[in-house]
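Only one structure is covered here, and it is reproduced in the block below.
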Amino acid sequence: MKRALMSVSDKTGLVSFAQKLIENDFEIISTGGTKKVLEDAGIETISVEDVTGFPEILDGRVKTLNPFIHGGLLGRRDLPEHVKTMKELHIQPIDLVCVNLYPFKETIEKPDVTLSDAIENIDIGGPSMLRSAAKNYHDVTVVVDSADYQVVADELDEFGDTKLETRAGFAAKVFRHTAAYDALIASYLTDKAGIVAPEKLTLTYDLEDTMRYGENSHQKAWFYKDALPKSYAITNAKQLHGKKLSYNNIKDADAAIRIAREFAEPTVVALKHMNPCGIGRGNTLEEAWDRAYAADSISIFGGVIVLNRKVDLATAKKMHALFLEIIIAPAYEDEAFEVLAKKKNIRLLQLDFTNKDEKPNKETVSVMGGLLVQEQDVLEEDPANWTVVTEKQPTEEQLKTLLFAWKAVKHTKSNAIVVTNENQTLGIGAGQPNRIDSTKIAIKNAGNDLDDAAVLASDAFFPMDDCVEYAAKHGIKAIVQPGGSIRDKDSIAMANKYGITMLTTGIRHFRH
């Protein structure tokens, strides 16, 4: 008879799979909870202790780490010396392994998990059996995913055994599985040890979706989800309506929710091609929408919209009048959703904003041959810590407006200049190779909306005084910028010449 070893924490489909193995002349070795489930279902099993001749010890930490198990898995049937050794030592081959691992991920996701709980859910015997079986896939079928039970059952029925190519695929899956499992453990223990730059970076992600195409139609693309994602993330947004998200949709949506995270009051963010095209805030969501729309009524066409309040009917009607790619909000009134869903293709997403201020994961960017890793730019800043560098002092209202502009420029591609009033962006200059061009674009886009309330924010210092002069000549009354240029004094002198106020933050916000 052939032998199968079954030991699973996920009991999905276990009994029916075991019955199929019995039908195909397998006897089953099992242990612990798996053994109990099978025997309760009337399936006879052999205990691991009967195979090893050794009791389970150390509170179950040692059960299967034994030559009678691993010899049965690793012994090659095509090598006479292996076969001879196994016979001499009375090691019976194991032909199939069905194992999945202690729920380490589910354990560390619990808010009250202790280090000792986490450690006790690090599986040792399971990965060892899987790896032994996978290494010897020419002779052993190894199953780590209940989704594969049917494939095994069908091949057993048709061929009396699994196909070599199937076993090879399962073996590769095992090593991906154990690598991901170890990566989670390594990451958890690394964090607990306070190590911020480990000599080896172990990351693991789960395939969320195969995209129709990537950034362009000739590029293949896939969407992977962090194995331990934060709740405030596009991967956790629930799509309620519309077409599947595209590669570019996901990038834009991610950029938009990063901006929305900055604001507590009712706020609407409109984004296009990774840059904000309008940010509005108000006493109501509708008022915030009106301001975001007015900020750039042209660029908002086909944009991504994030609203940080439940979408009401009045706001929904105004959004429905436009072509929009995506709307993201914490919730929708029934009538509002009904209005928006009249458009077949618009993507309506629901995202929990409750934990928007939780410490985010580090962000990674691929480069050819490597990976850049950094903390996300979530620094909270207080204007009280900024420095007034001009003779003209800011008013309290200007300080509030400058903070709004500073939050907006932080999420605009560098070189970035943003012009705002107290509640909406007026003009945005993004991604230019020099700062004066960004300044000109932002002020041009602001157009006739510039008034005494208009302020300007620059994501990095002014390398010379031309930006300050241009801004002052076009009605800007207050500027915030990081400072730190060797020519700071020239920009300060220019601001004094025109009688405007300028503050430096000491912090820049490049976004490449």
Side-chain angles (χ1 to χ4, degrees), residues 1-14 17-18 20-22 24-35 38 45-52 54 56 62-79 81-83 85-87 89-102 104 122-156 159-182:
M1 269 185 111
K2 293 175 285 187
R3 272 192 165 184
L5 193 158
M6 306 186 83
S7 178
V8 294
S9 58
D10 176 10
K11 307 299 191 293
T12 304
L14 171 66
F17 184 48
K20 177 59 67 173
L21 295 179
I22 296 290
N24 282 274
D25 299 323
F26 279 84
E27 60 182 4
I28 295 174
I29 305 166
S30 192
T31 184
T34 303
K35 181 177 175 64
L38 293 176
T45 66
I46 302 167
S47 71
V48 167
E49 290 91 337
D50 288 341
V51 173
T52 64
F54 202 89
E56 179 181 311
V62 179
K63 290 179 286 194
T64 58
L65 298 172
N66 186 283
F68 283 97
I69 297 297
H70 286 272
L73 295 172
L74 286 165
R76 288 179 56 179
R77 281 61 153 174
D78 62 333
L79 291 181
E81 58 268 37
H82 279 208
V83 174
T85 298
M86 292 171 73
K87 284 184 177 178
L89 297 176
H90 307 290
I91 296 173
Q92 187 167 338
I94 298 172
D95 305 285
L96 184 145
V97 171
C98 176
V99 168
N100 51 54
L101 308 177
Y102 292 173
F104 180 79
I122 296 175
D123 201 329
I124 302 300
S128 299
M129 287 189 292
L130 288 172
R131 290 169 63 85
S132 291
K135 179 175 179 174
N136 202 22
Y137 71 84
H138 273 270
D139 296 316
V140 181
T141 302
V142 56
V143 187
V144 74
D145 186 349
S146 60
D148 295 324
Y149 290 172
Q150 192 60 50
V151 174
V152 175
D154 290 344
E155 291 191 8
L156 289 175
F159 308 112
D161 198 358
T162 54
K163 295 187 292 185
L164 178 60
E165 63 189 85
T166 301
R167 296 197 296 275
F170 285 173
K173 189 172 189 175
V174 159
F175 285 110
R176 292 195 302 272
H177 184 76
T178 57
Y181 191 78
D182 285 343

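For the numbers below, each heavy atom of this structure counts, side chains included, while hydrogens, waters and symmetry mates do not.
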Nearest 0.5 Å please: distance from the [atom1] atom of [X] over to the [atom2] atom of [Y].
X      : Y      : atom1 : atom2 : value
Asp145 : Phe170 : CG    : CZ    : 8.5 Å
Leu21  : Met6   : CG    : CE    : 5.5 Å
Phe26  : Leu5   : CZ    : CG    : 12.0 Å
Asp182 : Phe175 : CG    : CZ    : 11.5 Å
Lys163 : Glu155 : NZ    : CD    : 5.0 Å
Met1   : Gln92  : CE    : CD    : 10.0 Å

Where is the tightest heavy-atom contact between [X] and [Y], given as atom of each residue plus distance?
X      : Y      : answer
Ser132 : His70  : OG-ND1, 2.9 Å
Asp123 : Gly125 : OD1-N, 3.4 Å
Leu38  : Ser30  : CD1-OG, 4.1 Å
Gly71  : Met86  : O-CE, 3.7 Å
Ile91  : Gly72  : CG2-N, 3.4 Å
Val174 : Ala134 : CG1-CB, 3.8 Å

Taking side chain as C-beta onward, heavy atoms only, is [X] less than 4.5 Å from [Y]?
X      : Y      : value
Val140 : Leu74  : no
Arg77  : Asp95  : yes
Arg167 : Asp161 : yes
Arg3   : Ile29  : yes

What I want to find out is whether Lys173 reaches Asp148 closely enough, with some N-O distance under 4.0 Å, to be called a salt bridge. yes

Say whether, by atom type as modelled, one donor and one acceptor occur between the side chain of [X] and the main chain of [Y] under 3.5 angstrom.
X      : Y      : result
Asn136 : Leu73  : yes
Asn100 : Asp10  : yes
Tyr181 : Tyr102 : yes
Ser9   : Leu101 : yes
Thr52  : Phe68  : no

Compute whether any side-chain donor of one residue and acceptor of the other, for Thr12 and Ser146, lie under 3.5 angstrom apart. no

Does atom NZ (Lys87) have a neighbourhood of more than 12 heavy atoms from anything else shown, all under 6.0 Å? no

Check step by step if side-chain contact (heavy atoms from CB on, under 4.5 Å) holds for Leu164 and Tyr137. CA-CA 8 Å; Leu164 178 60; Tyr137 71 84; 4.0 Å; yes

Would you call the rings of Phe17 and Tyr149 parallel, tilted or perpendicular if under 30° counts as parallel and over 60° as perpendicular? parallel

For a side-chain contact (heavy atoms from CB on, under 4.5 Å) check, start with the C-alpha distance between Val51 and Ile94, then their side-chain angles and the critical distance, and finish with the verdict. CA-CA 11 Å; Val51 173; Ile94 298 172; 5.7 Å; no

